[in-house]
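Along the sequence shown, residues are numbered consecutively beginning with 1.
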Amino acid sequence: MTRPIVSIVTPSYNQAQFLEETILSVLEQDYPHIEYVVVDGGSTDGSGEIIERHADRLAWWESAPDEGQVDALNRGFDHTTGALLAYVNSDDTLLPGAISEMVDEFGANPELVMVYGDALYSDAQSNQTGSLPARDWDPRAMVRNCDNHVVQPSSMWTRAAWESAGPFDKRGYYFFDFEFYLRLSALGPVKHVRRPWATYREHPDAKTMDHLAKARDYLRFADEFLTSDRLPAELRPYVREARARARVAAGNNLYGEAELPLARRWLWEALAMHPPSASRFSLALAFKSLLPRVLVRHQQLKRRAARA
């Protein structure tokens with residue numbers, strides 16, 4: 001039986017510290033039909049030289065200014081031909097055998113539009129530091145709680161799903177993949193496999209550490225995507241609850257950065273929008289946001305020092 005081509009895209013910008021490990025984790029997979037694309041945003045840290053060392057094994061690559069991660073991903077997928085698609089950010093890696101196992105899942109059930117597995121946390125020195133289990137596929141719960149159950153570097157989807165539910169929204173910062181997963185939920189079955197297929201790196205420069213940007217994207221996700229016709233019709237009854245929970249999450253991120261007035265505004269908006277979604281935690285957070293900024297910052301610094 002002919003096995004399908006798997007197209008993998010890696011977007012990168014100034015992550016030379018991790019990039020070669022990512023590239024090798026793809027090129028050293030045991031699956032024979034991988035089409036690999038690397039899209040670098042014009043890095044100045046030597047990333048281009050790293051990519052050039054492996055250029056003979058890449059289907060396409062470039063290093064030029066772009067409009068960010070989502071733009072790089074969309075352009076990368078434009079240069080692919082595979083029947084199955086995935087992406088691996090330049091600070092994550094695939095675990096050995098991951099691609100073969102993902103492809104086997106599609107072979108066992110041709111109706112699948114996506115499979116995803118679990119992951120392992122790693123640190124800046126590539127030490128594995130813990131498990132990152134995904135949660136079972138449940139689009140309704142994902143919308144209601146404004147919470148993505150999919151571990152992105154361990155996910156793979158079909159070309160047909162990409163053509164129907166893609167590309168990624170370039171306005172997105174953190175939730176563009178979540179939006180894509182919700183859009184493809186209307187296309188067919190999705191399977192969660194309880195097995196780690198990737199590493200997810202935690203380090204100070206990871207985008208997950210940018211709490212202000214993440215908070216803003218919660219609101220964009222809630223007020224633009226969830227209220228649009230891009231959300232499948234069967235998920236729309238949960239939009240009001242989801243928008244409230246997004247505000248709670250955004251407020252929590254902003255409180256962590258001592259951005260108190262905006263945190264307070266979004267937490268109270270959540271209470272007005274959908275009171276059951278404003279848990280005791282969010283109400284306590286709203287009241288705590290009335291504290292002077294200097295006191296909040298002092299408390300945060302004490303907690304960080306205690307963890308160090």
Side-chain angles (χ1 to χ4, degrees), residues 11 67-74 89 135 138-152 165-186 202 205-291 293 296-297 300:
E67 297 177 37
Q69 179 191 16
V70 180
D71 179 49
L73 284 168
N74 287 339
N89 287 318
R135 283 160 290 172
D138 188 345
R140 293 182 180 181
M142 290 160 67
V143 169
R144 290 182 65 188
N145 297 316
C146 201
D147 192 16
N148 188 4
H149 289 190
V150 179
V151 176
Q152 171 271 310
F168 297 131
D169 189 340
K170 287 201 298 184
R171 294 171 296 178
Y173 172 79
Y174 190 77
F175 294 106
F176 62 87
D177 53 351
F178 187 18
E179 295 169 8
F180 172 69
Y181 300 147
L182 292 175
R183 291 198 299 271
L184 67 74
S185 70
E202 295 183 302
D205 295 326
K207 70 185 297 182
T208 53
M209 303 302 291
D210 190 342
H211 297 292
L212 295 179
K214 188 175 180 181
R216 295 187 192 100
D217 210 43
Y218 264 115
L219 270 292
R220 182 202 59 81
F221 171 79
D223 295 346
E224 294 183 17
F225 173 72
L226 291 179
T227 60
S228 74
D229 59 8
R230 291 174 290 166
L231 183 71
E234 61 269 23
L235 301 178
R236 293 174 194 168
Y238 311 105
V239 165
R240 188 173 183 85
E241 181 178 359
R243 292 178 67 204
R245 290 188 183 275
R247 280 164 168 74
V248 173
N252 187 33
N253 276 270
L254 288 174
Y255 181 80
E257 295 298 317
E259 295 290 335
L260 303 184
L262 196 53
R264 186 161 54 245
R265 171 188 163 187
W266 286 348
L267 290 165
W268 287 117
E269 281 185 8
L271 179 62
M273 184 174 289
H274 193 266
S277 296
S279 64
R280 271 188 264 176
F281 169 75
S282 64
L283 289 172
L285 197 59
F287 283 113
K288 285 170 66 177
S289 71
L290 297 171
L291 294 171
R293 179 188 176 96
V296 172
R297 180 57 74 187
Q300 292 166 346

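- Residues meeting the ring-ring contact (aromatic ring centres under 6.0 Å, His included) test with Phe225, sequence neighbours left out: Phe221.
- Nearest heavy-atom pair across Leu226 and Ala242 is CD1-CB, 3.6 Å.
- Without hydrogens or angle criteria, Arg236 side chain to Leu231 main chain gives a donor-acceptor distance under 3.5 Å.
- Separating the OH atom in Tyr174 from the CZ atom in Arg220 is a distance of 13.0 Å, to the nearest 0.5 Å.
- Of all the heavy atoms in Met273 and Ala244, the pair that sits closest is SD-N, 3.6 Å.
- In terms of the side chain to side chain donor-acceptor pair (under 3.5 Å) criterion, Arg140 has no residue partners (sequence neighbours excluded).
- The two residues Pro232 and Leu182 come nearest to each other via the heavy atoms CG-O, 3.2 Å.
- Annotation: salt bridge (charged side-chain N to carboxylate O under 4.0 Å, His left out) contacts of Arg183 (sequence neighbours excluded): none.
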task = Please report the C-alpha distance between Glu224 and Glu179 in whole Å, then the side-chain angles of each, then the deciding distance to 0.1 Å, and finally whether the side-chain contact (heavy atoms from CB on, under 4.5 Å) criterion is met.
result = CA-CA 11 Å; Glu224 294 183 17; Glu179 295 169 8; over 6 Å; no
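- Here the options are Asn148, Val143, Asp147, the test is side chain to side chain contact (heavy atoms under 4.5 Å, CB included), and the partner is Asn145; only Asp147 passes.
- Closest approach of Ala270 to Val248, counting heavy atoms only: CB-CG2, 3.7 Å.
- Taking the side chain to side chain donor-acceptor pair (under 3.5 Å) definition, one finds that Glu234 meets it with nothing, sequence neighbours left out.
- Evaluation of the salt bridge (charged side-chain N to carboxylate O under 4.0 Å, His left out) rule for Arg230 yields Asp169 as partners, not counting sequence neighbours.
- Using the six-membered ring where Trp is involved, Phe175 and Tyr218 have ring planes that are tilted, between 30° and 60° apart.
- Ala246 and Cys146 make their closest contact through CB-SG, 3.5 Å (heavy atoms, listed as atom of the first residue, atom of the second, distance).
- Residues passing the side chain to side chain contact (heavy atoms under 4.5 Å, CB included) test with Glu269, sequence neighbours excluded: Arg247, Arg265, Trp266.
- Under the ring-ring contact (aromatic ring centres under 6.0 Å, His included) criterion, Tyr238 pairs with no residue, sequence neighbours left out.
- Pro167 and Asn74 make their closest contact through CB-OD1, 3.3 Å (heavy atoms, listed as atom of the first residue, atom of the second, distance).
- The pair Asp217-Lys214 fails the salt-bridge criterion, with no side-chain N (NZ, NE, NH1 or NH2) lying under 4.0 Å from an Asp/Glu carboxylate O.
- Expressed to the nearest 0.5 Å, how far CZ of Phe178 lies from CD of Gln152 amounts to 14.0 Å.
- With sequence neighbours excluded, no residue forms a side chain to side chain donor-acceptor pair (under 3.5 Å) with Asp177.
- Here Arg243 pairs with Asp223 under the side chain to side chain donor-acceptor pair (under 3.5 Å) rule; sequence neighbours left out.
- A distance of 9.0 Å separates CE in Met142 from CG in Leu235, rounded to the nearest 0.5 Å.
- For Tyr181, there are no ring-ring contact (aromatic ring centres under 6.0 Å, His included) partners, not counting sequence neighbours.
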